Amino acid sequence: MDPSEYDLPFFHRGGFHRRTCVVCGHAFWTLGDHDRCQEAPCREYGFVGRPIFARPYSLGEMRETYLGFFERRGHTRVRRYPTVARWRNDVFFTQASIYDFQPWVTSGATPPPANPLTISQPVLRFIDLEEVGRSGRHFTLFEMLAHHAFNRPDHEVYFKDRTTELCHELLVSELGADPALITYKEEVWEGGGNLGPSLSVSALGLEVATLVFMEYLRDGDRLKPMPLTVVDTGYGLERLVWASQGTKSAYEAVFGAEYDELRRTFPARETAILIDHARALNFLLTDGVVPSNSKEGYFARLLLRRAQRILAKTPEAPSLRAILDRAAREIARDFPEVGADRDDLHAVVQAEIERYDEAIGRARQTIRRFEERARSVGQRVTSEQLLEWYDSLGVPPEVAVEELSEPPAIPEDFYARVAARHENERPTTDYAEKTEGWPEVPAGIPPTEVQYYLDPYTVAFDAHVVWSEGPFVVLDRTFFYPTGGGQVTDRGHLAELEVVEVARQGPHLLHRLERTAPFHPGDRVRGRVDPVRRTQLMQHHTATHLMNGALREILGPHVWQAGAFKSPESARIDVTHYRPLSKEELRRVDRRVNEVVREDRPVKSYFESRAEAERRFGFRLYQGGAVPGRDLRIVEVEGFDVEACGGTHCTHTSEVGAVAILGVERIQDGVVRLTYASGERALEVREEHEEILREASRRLGVPVAQLPEGIDRLLGEIEEARKLRRDRLKEDLGGTATRLLSDPSAVSTFGAVTVIAARLDLERAELMELSRLLSKEPGRVVVLAGEREGRGTLFVGSTAPGVSAAAVVDAAKDRFQGKGGGNPAAAPAVGEPGAPLTAALEAARSHARASAGG
RNA sequence: GGGCACGUAGAUCAGCGGAAGAUCGCUGCUUUCGCAAAGCAGAGGUCGGGGGUUCAAAUCCCCCCGUGUCCA
């Protein structure tokens with residue numbers, strides 16, 4: 001990066017000089033006379049016992065000081081976004097404040113909620129999990145304080161100079177840091193195809209902020225200026241608090257009395273882990289993450305189980321629930337939504353603890369059995385086995401060892417070795433672009449006026465073509481709904497041409513026609529949206545909001561939408577929930593939804609400022625994830641459900657008609673999917689179902705109401721018949737056995753051994769059964785030949801100690817090209833029928849007699 | 001999203017290429033005034049589903065479905 005990028009007027013005005021760090025070699029700006037940058041490890045921590053700021057701040061004080069400082073300097077305060085980044089498919093969690101605005105705001109597709117803005121965003125960093133409690137400064141969840149500005153060519157807010165000036169003013173004038181202690185180190189930031197210069201701000205060894213200036217697009221080796229440049233700052237709230245107090249670790253400074261209370265029972269590291277995890281869990285659970293075995297749910301499980309493990313080994317430990325509640329009380333001072341419904345949160349946690357106990361209980365049993373078996377063959381359990389058990393059963397090694405009478409040593413680097421086992425797994429990331437293969441709309445084309453927002457009932461309109469390429473058309477305005485928000489595209493016509501799909505691309509809506517569009521910019525065209533399809537989609541979309549509302553009402557506020565899909569045929573919603581839905585719960589959801597339909601509540605769709613909407617409805621608005629933009633489009637089912645949503649909706653619940661639940665399944669641990677139909681489709685589906693029932697009833701000859709009993713009876717009869725057939729076969733074979741035993745040509749006795757040989761018209765399984773009947777007593781050798789469907793089978797069974805059935809078959813099988821073998825007790829072989837089979841039978845008989853001593 | 005483990009009688013599991021098993025539970029009988037207990041006898045299995053390899057598959061291979069677990 002060109003050094004001029006960092007050569008800010010602010011540095012010159014303020015009398016900074018540029019130096020090069022003698023340790024890391026980076027250039028940095030300072031007012032002091034350091035020969036090294038102030039960032040660890042170039043400079044050791046120097047603020048413990050010597051606070052950087054003028055006075056100690058608590059977490060809440062520091063946050064308020066920061067946000068207030070930027071508010072007074074023209075920034076709008078924006079509330080936090082969810083910690084689960086449901087609006088992105090490349091990450092699970094919000095890992096930085098800028099994530100809130102990616103990709104739509106940073107790409108310029110939609111305006112930011114405010115500009116410039118300031119925010120305190122709780123973010124999750126699981127990469128630091130092992131460092132929590134060890135390093136003294138790492139958290140799985142911390143608050144990233146930030147001020148952001150988004151600059152368009154026609155509207156520059158501020159950029160590098162002002163950003164750095166604001167940062168310095170905050171640290172020095174507001175917080176009272178010694179200006180000579182601060183260094184601004186030159187770095188390059190790159191991510192997501194963007195890059196730009198950045199400044200790392202440190203004092204006394206502590207990095208307190210990073211100022212990133214997203215300025216360029218990477219195009220191979222070349223850099224292209226971005227149309228929208230972004231100020232992306234990040235200040236660690238916990239670090240600022242720590243720096244202001246100068247305590248030994250960040251945890252004491254951040255958690256205060258809560259830390260001291262737990263510290264009486266637990267060692268320092270465990271105390272930090274417990275509080276940190278409790279804080280992260282409170283946010284995660286509030287934001288609708290249900291512990292599970294995959295995706296974001298796994299991280300909640302990981303935290304919960306780690307905490308539970310610490311508690312389990314301390315007899316006088318409080319319950320996890322108590323620790324979570326204590327943490328939630330602190331958090332709720334600033335984030336009242338966190339853990340607001342304690343009962344629901346307890347239910348989720350309780351379910352998870354029970355599952356953990358069950359898993360560990362099962363695992364203990366498996367481990368005991370494994371060792372028993374190992375010992376019976378003179379082997380011991382290896383430490384490699386401990387790894388295996390942790391990986392596949394979830395048993396921590398110290399628990400496994402408790403179950404073993406001769407435990408192996410737990411490897412020092414146990415968790416590193418677990419990680420090594422997973423080293424070669426390649427995660428596949430899904431970056432599938434919906435509009436792949438679609439042309440890019442050139443810059444300068446005016447954005448499409450989206451009018452389906454205004455009136456979902458308008459299905460015919462006139463508009464002007466503003467751009468066209470091949471089958472793709474952009475209009476000045478449109479009533480066509482594009483694929484998005486889990487709702488499939490509208491179809492219809494532009495002039496006489498069919499519209500196959502509509503998709504959003506930044507500020508434009510592209511209509512894809514059945515063939516090349518004969519339009520030119522400026523042409524006036526008539527648009528007609530397929531009204532039947534549109535109506536059905538509206539009904540399904542509104543039905544989805546009703547489902548969401550009913551599920552939350554009946555199952556509890558941990559229910560969040562984890563995905564949704566609406567097509568003209570059916571709709572589905574995936575929600576977070578910790579166990580399968582019971583029949584009763586499902587029935588109540590069905591009833592409630594249809595009740596709301598009948599109540600004919602108004603469904604209002606309108607735009608409202610983000611701040612006002614959040615104030616009125618809270619965080620729950622973001623069911624589908626964060627929605628960008630200064631104003632939110634609110635879809636409100638009066639008194640029942642409110643969501644920020646861009647879809648087309650009915651204006652009264654009665655228009656949904658009826659909702660028929662078609663199915664419920666657990667698509668993933670912690671996520672339940674409901675499929676349903678509404679409107680015409682609900683009727684059609686019900687008709688189809690009724691027709692199936694009638695047809696089943698006709699075929700079974702049983703009234704519909706008695707179908708279940710009828711089926712049971714039928715199944716019973718089938719079972720009965722099967723048994724009867726089996727019994728009869730056994731009986732028949734029993735008769736054959738009796739006959740054979742009294743047939744002198746079949747039976748010959750040699751001392752204690754009786755050889756029975758015969759040729760029968762039976763198949764393999766029958767020969768086997770017959771042999772079993774004949775050889776119930778010891779000292780019997782049975783040699784049977786059977787012929788069926790052109791194949792000959794030889795079966796030998798033996799209960800005579802000196803005669804091996806396998807040996808007898810081996811001696812005879814060549815005679816009929818037979819293949820087979822077995823064990824001393826039983827041996828079949830299959831080969832040619834007819835004379836060769838007879839020859840084999842004779843050979844087997846003689847061999848059996850010979851081995852019997854005949 | 002990926003790795004690993006698992007799916008066998010009502011329950012818990014063994015068996016891991018050659019004749020489907022154990023324990024508990026269940027039913028009946030013996031014993032007892034009755035219960036418990038004990039003894040004896042018995043019922044109960046498309047070995048998760050579907051393909052394939054093999055003379056032969058619960059067992060080996062592939063694909064689904066389900067469960068658990070670890071890791072992103």
Side-chain angles (χ1 to χ4, degrees), chain A residues 89-93 95 124-127 129-130 291-299 301-302 305-306 355-356 358-370 372-373 376 384-397 400 414-432 580 665-670 715 718-719 722-723 726-727 763-776 782 784 791-799 804-806 809-810 813 816-832 840:
Chain A
N89 63 5
D90 54 340
V91 291
F92 294 130
F93 301 108
Q95 294 176 45
L124 287 148
R125 297 265 173 104
F126 283 94
I127 192 94
L129 188 66
E130 283 298 317
S292 91
N293 60 11
S294 71
K295 302 187 180 172
E296 58 271 23
Y298 177 68
F299 294 93
R301 168 165 295 175
L302 184 66
R305 292 188 174 184
R306 275 171 61 99
R355 288 185 60 159
Y356 189 39
E358 275 169 35
I360 293 295
R362 270 197 308 272
R364 284 181 188 272
Q365 210 185 332
T366 305
I367 288 167
R368 277 197 303 273
R369 267 199 296 264
F370 183 95
E372 252 170 60
R373 238 173 303 145
S376 71
E384 189 61 26
Q385 189 61 44
L386 295 180
L387 286 168
E388 172 76 36
W389 281 333
Y390 177 69
D391 227 10
S392 63
L393 301 177
V395 219
F414 186 85
Y415 291 97
R417 284 170 64 174
V418 171
R421 289 179 143 234
H422 293 274
E423 222 155 50
N424 294 324
E425 297 159 17
R426 310 195 87 216
T428 48
T429 29
D430 181 27
Y431 284 107
E665 57 190 321
R666 199 188 83 134
I667 57 164
Q668 181 203 316
D669 194 14
L715 289 176
I718 291 169
E719 182 64 16
R722 212 169 58 90
K723 245 184 255 172
R726 203 179 55 197
D727 289 350
E763 63 178 29
R764 183 200 167 93
E766 294 163 339
L767 291 178
M768 217 157 80
E769 187 60 35
L770 179 59
S771 166
R772 197 197 301 246
L773 289 172
L774 287 168
S775 54
K776 273 191 173 149
V782 182
L784 299 173
R791 300 211 308 176
T793 307
L794 183 70
F795 188 93
V796 179
S798 168
T799 51
S804 159
V809 163
D810 271 344
K813 67 183 180 189
F816 76 130
Q817 309 292 315
K819 287 183 161 184
N823 56 33
V830 174
E832 290 179 9

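Letters A, B, ... are given to chains in the order of the sequence lines, protein chains preceding strands, and every chain is numbered from 1. Note that the structure is predicted; figures quoted are calculated from it, not measured.
- Considering only the side chain of A:Phe299, B:A72 comes nearest among B:C4, B:A72, B:A19.
- Note on ring orientation: taking the six-membered ring where Trp is involved, the planes of A:Phe126 and A:Phe299 are tilted (angle from 30° to 60°).
- Using a 4.0 Å heavy-atom criterion, one finds that A:Arg421 contacts no nucleic acid atom at all.
- Going from the C1' atom of B:C13 to that of B:A20 covers 15 Å, rounded to whole Å.
- At a threshold of 4.0 angstrom between heavy atoms, the contacts of A:Ala829 with the nucleic acid are absent.
- What you find for A:Leu386 and A:Ala400 is that their closest heavy atoms are CD2-CB, 3.8 Å.
- Residue A:Arg791 has no polar side-chain atom (N or O) positioned under 4.0 Å from OP1 or OP2 of B:A56.
- Of the candidate nucleotides B:A5, B:A20, B:U69, B:A20 has the atom lying nearest to any side-chain atom of A:Arg772.
- The residue A:Glu769 sits apart from the nucleic acid: no heavy atom pair falls under 4.0 Å.
- One N or O on the side chain of A:Glu766 and one on the backbone of A:Glu763 form a donor-acceptor pair closer than 3.5 Å.
- A ring-centre distance under 6.0 Å is found for A:Tyr390 and A:Tyr415.
- Separating the CD1 atom of A:Ile667 from the C1' atom of B:C64 is a distance of 18 Å, rounded to the nearest angstrom.
- In this structure, the CD1 atom of A:Ile367 is 18 Å from the P atom of B:U12, given to the nearest Å.
- Using atom P as the reference point in both B:G34 and B:A41, the two lie 24 Å apart (nearest Å).
- Distances from the side chain of A:Tyr390 to the nucleotides B:U12, B:G15, B:C70 place B:C70 closest.
- A:Lys723 comes within 4.0 angstrom of sugar-phosphate atoms only, judged by non-hydrogen atoms across all strands, and of no base.
- Within the 4.5 Å cutoff, side-chain heavy atoms of A:His422 are placed close to those of A:Asp391.
- Looking at which nucleotide of RNA chain B each of A:Gly394 and A:Gly797 is closest to, the 5′-most match is held by A:Gly797.
- Where A:Gly822 and A:Lys295 each meet RNA chain B at their nearest nucleotide, the meeting point lying more 5' is that of A:Gly822.
- Atoms CG (A:Leu302) and P (B:A72) sit 8 Å apart, rounded to a whole Å.
- Distances were taken from every side-chain heavy atom of A:Arg764 (C-beta onward) to each of B:G18, B:C70, B:A5; the shortest belongs to B:G18.
- Residue A:Ser294 is classed as a base contact, given a heavy-atom separation below 4.0 Å to a base.
- To the nearest angstrom, P of B:C55 lies 18 Å from CE of A:Met768.
- Ionic pairing of A:Glu388 and A:Arg421 is present here: one or more N-O contacts between side-chain nitrogen and carboxylate oxygen are shorter than 4.0 angstrom.
- For B:U12, the OP1/OP2 oxygens have no side-chain nitrogen or oxygen of A:Arg362 closer than 4.0 Å.
- OP1 or OP2 of B:G68 has at least one side-chain nitrogen or oxygen of A:Arg355 nearer than 4.0 Å.
- One C1' atom belongs to B:C60, the other to B:U23, and the distance between them is 30 Å to the nearest Å.
- Nearest to the side chain of A:Ala825, among B:U69, B:A5, B:A19, sits B:A19.
- Between A:Asn823 and B:A19 there is a side-chain N or O to OP1 or OP2 distance below 4.0 Å.
- In the displayed structure, A:Arg417 atom CZ is contacted under 6.0 Å by more than 12 heavy atoms of other residues, nucleotides or ligands.
- Straight-line distance from the CD atom of A:Glu665 to the P atom of B:U67: 10 Å, rounded to whole Å.
- B:G7 and B:C16 are spaced 14 Å apart, taking the C1' atom of each and rounding to whole Å.
- In terms of phosphate contacts, A:Arg305 brings a side-chain nitrogen or oxygen within less than 4.0 Å of OP1 or OP2 of B:C70.
- A salt bridge does not link A:Lys295 to A:Asp669: none of the charged nitrogens lies less than 4.0 Å from a carboxylate oxygen.
- Atom P of nucleotide B:G68 and atom CD of A:Glu388 are separated by 18 Å, given to the nearest angstrom.
- Side-chain contact between A:Gln668 and A:Ser292: present, with at least one pair of heavy atoms (C-beta onward) separated by less than 4.5 Å.
- Comparing B:G3 with B:U53, their P atoms sit 26 Å apart, to the nearest whole Å.
- Checked against B:C70, B:C55, B:A14, the side chain of A:Arg301 finds its nearest nucleotide in B:C70.
- For the pair A:Arg301 and A:Glu296, the salt-bridge criterion is not met [side-chain N within less than 4.0 Å of a carboxylate O].
- Remark: the separation of the P atoms in B:A43 and B:G2 is 47 Å, to the nearest Å.
- B:U69 and B:G28 have their C1' atoms separated by 44 Å, with the value rounded to a whole Å.
- For B:A19, the base has a donor-acceptor partner in the side chain of A:Ser771 [N/O atoms by modelled type, under 3.5 angstrom].
- As judged by a 4.0 angstrom heavy-atom cut-off over every strand, A:Phe126 is placed among residues making no nucleic acid contact.
- The C1' atoms of B:G52 and B:G44 are separated by 32 Å, rounded to the nearest whole Å.
- Atom OH of A:Tyr415 and atom P of B:U69 are 15 Å apart (whole Å).
- Distances from the side chain of A:Phe92 to the nucleotides B:A19, B:A72, B:G68 place B:A72 closest.
- In secondary-structure terms, RNA chain B builds stems of at least 3 consecutive Watson-Crick or G-U pairs, each pair having both distances under 3.5 Å, at B:1-7 with B:65-71, B:10-13 with B:21-24, B:26-30 with B:38-42, B:48-52 with B:60-64.
- Distance CZ (A:Arg726) to C1' (B:G45): 9 Å, rounded to an integer number of Å.
- Across all strands, A:Val395 comes closer than 4.0 Å to no nucleic acid atom at all (heavy-atom distances).
- Looking only at side-chain heavy atoms (C-beta outward), A:Ile360 and A:Arg364 come within less than 4.5 Å of each other.
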